[in-house]
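Starting from 1, each residue takes its place in the sequence as its number.
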Amino acid sequence: MLDEKGRLFGKINIIDLLVVLLVLVVAVVVAVKLLGGGEGLPGGESGSTKLTYIVEVDGVKPEVYENLKSYVEQEGGDQLMASGDMLDAYVTGVTAEPHEEVVSLNTANGQITLPTDPGLLDLTFTIESNVVNAVTNEVGTQEVRIGKTHTVKTVHFELVNGVITDCQWGDGE
């Protein structure tokens, strides 16, 4: 198959053939990425499973709640984002309760309790999303699991150290 000059079938150099095959492989990989064969950011596209979950964020200033409430209450809610990409997930509701954290002090007259940071609020967010993989439950770059910490990030606000308190898959099943 190779002649004395190292050409395949007397016409093509074996190194030239390897270079042509490498270029074809690179072209196929680029074409697959450009035509949408890549997954991209998980949760960035409409998925097959609806996931509704609740996130509680404690100790938020009342001004923050008043300012973010209008974005959440707009029709459709406020869209989540991750790493600069918009997700197929929306904050559709938010409620506030007074933050109740107290410290106990032992005094000569007995034990007294005092509130810490009076005036703060505990916010509860309802988030509706579509997940591509119901096993990993990824919304953007975060896995959704009850008890897991979660950052609620939209174009308009970001609150960290929230805790997921409930998850419902499908239509409330």
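Note that CG of L123 is 10.0 Å distant from CD of E97, once rounded to the nearest 0.5 Å. From N67, atom CG reaches atom NZ of K61 across 12.0 Å, with rounding to the nearest 0.5 Å. For the atom pair OH (Y90) and CG (N130), the distance works out to 9.0 Å, reported to the nearest 0.5 Å. Atom OG1 in T154 sits 9.5 Å away from atom CD in Q79 (nearest 0.5 Å). For the atom pair T151 OG1 and N161 CG, the distance stands at 7.0 Å (nearest 0.5 Å). The CD1 atom of I127 sits 10.0 Å away from the OG1 atom of T52 when rounded to the nearest 0.5 Å.
Scanning all heavy atoms of the two residues, the minimum distance from G59 to D122 falls at N-OD1, 3.2 Å. Taking each heavy atom of C167 and V144 in turn, the nearest pair found is SG-CG1, 3.6 Å. Nearest heavy atoms, A96 versus L121: CB-CD1, 4.0 Å.
Between L51 and N137, the closest side-chain pair of non-hydrogen atoms falls below 4.5 Å.
Grouping the Ile, Leu, Val, Met, Phe, Trp and Tyr side chains by contacts below 4.5 angstrom, directly or via other members, places I54 apart from L159. Cluster membership check: V91 does not share its hydrophobic cluster with Y71, using side-chain heavy-atom separations under 4.5 Å among Ile, Leu, Val, Met, Phe, Trp and Tyr. By the rule that hydrophobic residues join a cluster once side-chain heavy atoms approach within less than 4.5 Å of another member, V152 and V60 end up as members of one cluster. A continuous path of Ile, Leu, Val, Met, Phe, Trp and Tyr side chains, each step under 4.5 Å between heavy atoms, connects V72 with V64, placing both in one hydrophobic cluster. Under the 4.5 Å side-chain heavy-atom criterion for Ile, Leu, Val, Met, Phe, Trp and Tyr, L80 and W169 are members of the same hydrophobic cluster.
The backbone N or O of T141 sits nowhere less than 3.5 Å from a side-chain atom of E138 that would complete a donor-acceptor pair. A donor-acceptor contact shorter than 3.5 Å is absent between the side chain of D88 and the backbone of S129.
Using a cut-off of 4.0 Å between Lys/Arg side-chain N and Asp/Glu carboxylate O, E143 and R145 are scored as salt-bridged.
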From CA spacing to verdict: side-chain contact (heavy atoms from CB on, under 4.5 Å), L24, V28: CA-CA 6 Å; L24 286 174; V28 167; 5.6 Å; no
Criterion side-chain contact (heavy atoms from CB on, under 4.5 Å) on Y53 and H150, from CA distance to verdict: CA-CA 11 Å; Y53 58 102; H150 190 77; 3.2 Å; yes
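A side-chain contact (heavy atoms from CB on, under 4.5 Å) with V94 holds for exactly one of T126, L68, D78, T124; it is L68.
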